[in-house]
Student: 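Attaching a single structure in structure tokens format; questions to follow.
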There are 2 protein chains.
Amino acid sequence: MADVARLAGVSSMTVSRVLSGYPGVRQETRARVEEAIGALGYRVHTAARTLAGGSSGTIGVISVGASHYGPSSTVFSIAAAAREFDRSTTVVILAKIGEGSIRQAIEHLQSTHVEGIIVNAFVQTAVDALSRIDTDLPLVVLCGDQAPGHPSVAVDQRAGARLATRHLLELGHATVHHVRGPSGWIDAAGRAAGWREELGSWGRRPPRAHTGDWSAQSGYAAGQRIAADPSITAVFVANDHMALGVLRALHEAGRRVGDDVSIVGFDDIAESAFSIPPLTTVRQDFDTVGREGLSLLLRAIDGRAGDTHITVEPRLIVRNSTDAATSARRRAPTG
Amino acid sequence: MADVARLAGVSSMTVSRVLSGYPGVRQETRARVEEAIGALGYRVHTAARTLAGGSSGTIGVISVGASHYGPSSTVFSIAAAAREFDRSTTVVILAKIGEGSIRQAIEHLQSTHVEGIIVNAFVQTAVDALSRIDTDLPLVVLCGDQAPGHPSVAVDQRAGARLATRHLLELGHATVHHVRGPSGWIDAAGRAAGWREELGSWGRRPPRAHTGDWSAQSGYAAGQRIAADPSITAVFVANDHMALGVLRALHEAGRRVGDDVSIVGFDDIAESAFSIPPLTTVRQDFDTVGREGLSLLLRAIDGRAGDTHITVEPRLIVRNSTDAATSARRRAPTG
DNA sequence: ACTGTAGCTGATACCGCTAACATCAATCGG
DNA sequence: CCGATTGATGTTAGCGGTATCAGCTACAGT
């Protein structure tokens, strides 16, 4: 930096001002400095800037492991969006989620002086922990519900589940069964609640839900139980991976999906359009969630986020795994 | 830090020594310092440490977008492994891959003073660019082949492809067709080469390969062309997403996979075990790749990586999409 | 001509830590 | 018993920026 200053014939302070976009620098001086920067291939030393009280230009992201589709795509969206806003992204992957590990992750990020943190909080434990953590660092929560105490971005899980359930009911199914995600996960609870609500608003009593762990394996197991009950004609499965497992179990049991039984998933993963049959599902736009999360965090860093809660609406994608319940209506108890 | 020193009755230098694990500190002194650290809830200021010449404790990861299964799971493995080694991870997601963008990403990471960089280089362009980039920063390349000029970790794509092809030939198929990945991708080239080699070693002339873009959509399109040719009894598809598309196209055309036609995929994504029928595939252990990549980088940082190239062997997972080619042998031209 | 003000730039003092060397006591070989 | 060595700790001087305030010029108002 001293070299740049010398070459441009100014003090290092002026160079600093040019770099941080301070307006009160003469056009001509600015040009000279920028030329010197270019000529010397100079780049700021982030650590020095951070130490001297400037901003680190880095935001922290805390998330659970890679195995889940939603969380990981969100992290990538955040990283990509951050880059567009000239921010670095430091990612902390939590092996297991607990108040301790989250607190530790936040402290870790704090010691690296990130400007703010986005937490991918997909389990209730995480949200609870966050509501108890009071850091002065700007913090945005991404989750399936409004997070108390911090600005948040969420896909409306309940609305999505209602969309799915309503679609099945409108096709004429007497009732809709549900394979839910594991307890403790916010999205699992939200989707189950939406399913229950929609059934309720149609005056149907929700049957007992099956529970999976998001994996295709667990969906397969649930699917086997579902196949064994011929009265079931419509199933809303809490995510696409499990839905694919259900599809296969039904297929093996000789029940034709989209004909004997209708299935709706959730997420719209890339494979769902090409499953056999193509899966009707609820699309969540994780990219939007990530980007909105980042822009909310940047607002929070500027102190003007307040207590904003952004809701992203999911969308029903109708494919061939659902169809009018002609045969179903004949067989099922009238609803 | 000065407070800690005061409370422990030592100089700040001793605190620094305790923090960085310098051995020449008396046990008793060390204990006193650690106690003070705990009492004051002190944490190092990473930027200050970096500035003063210590290590930043951060490693950089450069990767392509989120849409591809392999790259993204690898990034997560790296981040998780890094955390176990008390390193932060700064992730740069490249919107588009070119020499310019990679160089820019490296420079960006350099200005944040990462200790080293892991590049997820899945396209040839990236590897070429890297071989031309000569940075003094330790740099490890993850890719489908040995990267010249830098230590690297790779899954042996050729071996995986040969495994898949051999499996099909051993089942009695006269020849094996191939749906390859997009040109420019190292893995696509490696798998195609392995397929060609294995066919060659059985004295079969490789048929013309179909080309997809890794997506299920493109696999579906290829599948339709394959279904139209009744002489095809065995297909090796370059990744599972495309294979699922092929599966569906064949299904729609009324060709029974695992009976009329055998399909082998590559990757072993979570859904493959539950496709209809379950997909025989080649498993790549991305977690191992990520971890080996990190440990190689840590060795490189210590200056003892040399020109190591680690190869991770893939594994054939046999499921129901492949079966003895009884009907095929009758129909196909003798090979 | 003099003061006031605005606009631009410079000098200086840190930010919190570590490298390098200095210091001091204890131990050791001859 | 003395100089040399070793081990534990302290002192000093930055690392490369930015905050703060001071200084200088040009111009307007009186």
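Residue numbering restarts at 1 for every chain, and letters A, B, ... go by the order of the sequence lines. This is a predicted model, so every value here is computed, not measured.
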Student: In this structure, how many angstroms lie between the P atom of dG10(C) and the CZ atom of Arg6(A), rounded?
Tutor: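 So the CZ-P distance, Arg6(A) to dG10(C), works out to 14 Å.
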
Student: Under a 4.0 Å N-O cut-off, is there an ion pair linking Arg32(A) with Glu28(A)?
Tutor: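 Judged by the 4.0 Å cut-off on N to carboxylate O distance, Arg32(A) and Glu28(A) do form a salt bridge.
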
Student: Within a radius of less than 6.0 Å around CD of Glu35(B), do more than 12 heavy atoms belonging to other residues, nucleotides or ligands occur?
Tutor: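 Counting other residues, nucleotides and ligands, CD of Glu35(B) stays at 12 neighbours or fewer.
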
Student: Could you tell me whether a side-chain N or O of Arg304(B) sits under 3.5 Å from a main-chain N or O of Asp302(B), the two making a donor and an acceptor?
Tutor: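 Pair absent, no side-chain N/O of Arg304(B) close to backbone of Asp302(B).
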
Student: Report yes if some heavy atom in the side chain of Ile78(A) is under 4.5 Å from a heavy atom in the side chain of Leu297(A); otherwise report no.
Tutor: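 No, side chains not in contact.
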
Student: Measuring from the side chain of Met13(B) (C-beta onward, heavy atoms only), which nucleotide among dG16(C), dA20(C), dT9(C) has the closest atom?
Tutor: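 Of the options given, the side chain of Met13(B) lies nearest dA20(C).
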
Student: Does any N or O in the side chain of Asp156(A) come within less than 3.5 Å of the main-chain N or O of Thr311(A), such that one atom is a donor and the other an acceptor?
Tutor: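 Flag not set: sc Asp156(A) to bb Thr311(A) has no pair under 3.5 Å.
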
Student: Please work out if Ser11(B) contacts a base, only the sugar-phosphate, or nothing of the nucleic acid, heavy-atom cut-off 4.0 Å.
Tutor: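 Ser11(B): base contact, heavy atoms under 4.0 Å.
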
Student: May I ask you to decide if Val25(A)'s main-chain N or O and Arg17(A)'s side chain share a donor-acceptor pair within less than 3.5 Å?
Tutor: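 Not confirmed, Arg17(A) side chain does not pair with Val25(A) backbone.
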
Student: Would you kindly give the OH-to-P distance between Tyr42(B) and dG16(C), to the nearest whole Å?
Tutor: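 Checked: the OH to P distance equals 10 Å.
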
Student: Report yes if a side-chain nitrogen or oxygen of Ser12(B) is closer than 4.0 Å to either non-bridging phosphate oxygen (OP1 or OP2) of dC17(C); otherwise report no.
Tutor: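 No, no such contact exists.
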
Student: For residues Leu137(B) and Gln110(B), determine if any side-chain heavy atom of one lies less than 4.5 Å from a side-chain heavy atom of the other.
Tutor: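 In contact.
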
Student: With a 4.5 Å cut-off on side-chain heavy atoms, are Leu298(A) and Arg87(A) touching?
Tutor: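 They are in side-chain contact.
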
Student: Extract, from 5' to 3' on DNA chain D, the first and final nucleotides lying under 4.0 angstrom from some heavy atom of chain B.
Tutor: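 With heavy atoms of chain B under 4.0 Å away, the range is dA8(D) to dG16(D).
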
Student: Residues of residues 15-32 of chain A with any non-hydrogen atom less than 4.0 angstrom from an atom of DNA chain C: list those, numerically ordered, please.
Tutor: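 Contacting residues: Arg17(A), Gly24(A), Val25(A), Arg26(A), Thr29(A).
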
Student: Hey, is Arg291(B) close enough to Asp287(B) for a salt bridge, meaning N to O under 4.0 Å?
Tutor: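 Looking at Arg291(B) and Asp287(B), the cut-off is met.
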
Student: Quick check against the 3.5 Å criterion: does Glu115(A) have a side-chain atom that pairs as donor or acceptor with the backbone of Gly57(A)?
Tutor: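 Present.
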
Student: Report the residue (Gly9(B) or Ala52(A)) whose heavy-atom-nearest nucleotide on DNA chain D is the more 5′ of the two.
Tutor: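 The 5'-side residue here is Gly9(B).
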
Student: Taking Ser56(A) for its side chain and His113(A) for its backbone only, find out whether a donor-acceptor pair lies under 3.5 Å.
Tutor: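 Yes; judged by distance alone, with no hydrogens or angles, the pair exists.
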
Student: May I ask you to list the residues of residues 103-116 of chain A, by number, that have any heavy atom positioned under 4.0 Å from an atom of DNA chain C?
Tutor: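 Heavy-atom cutoff 4.0 Å gives no residues at all.
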
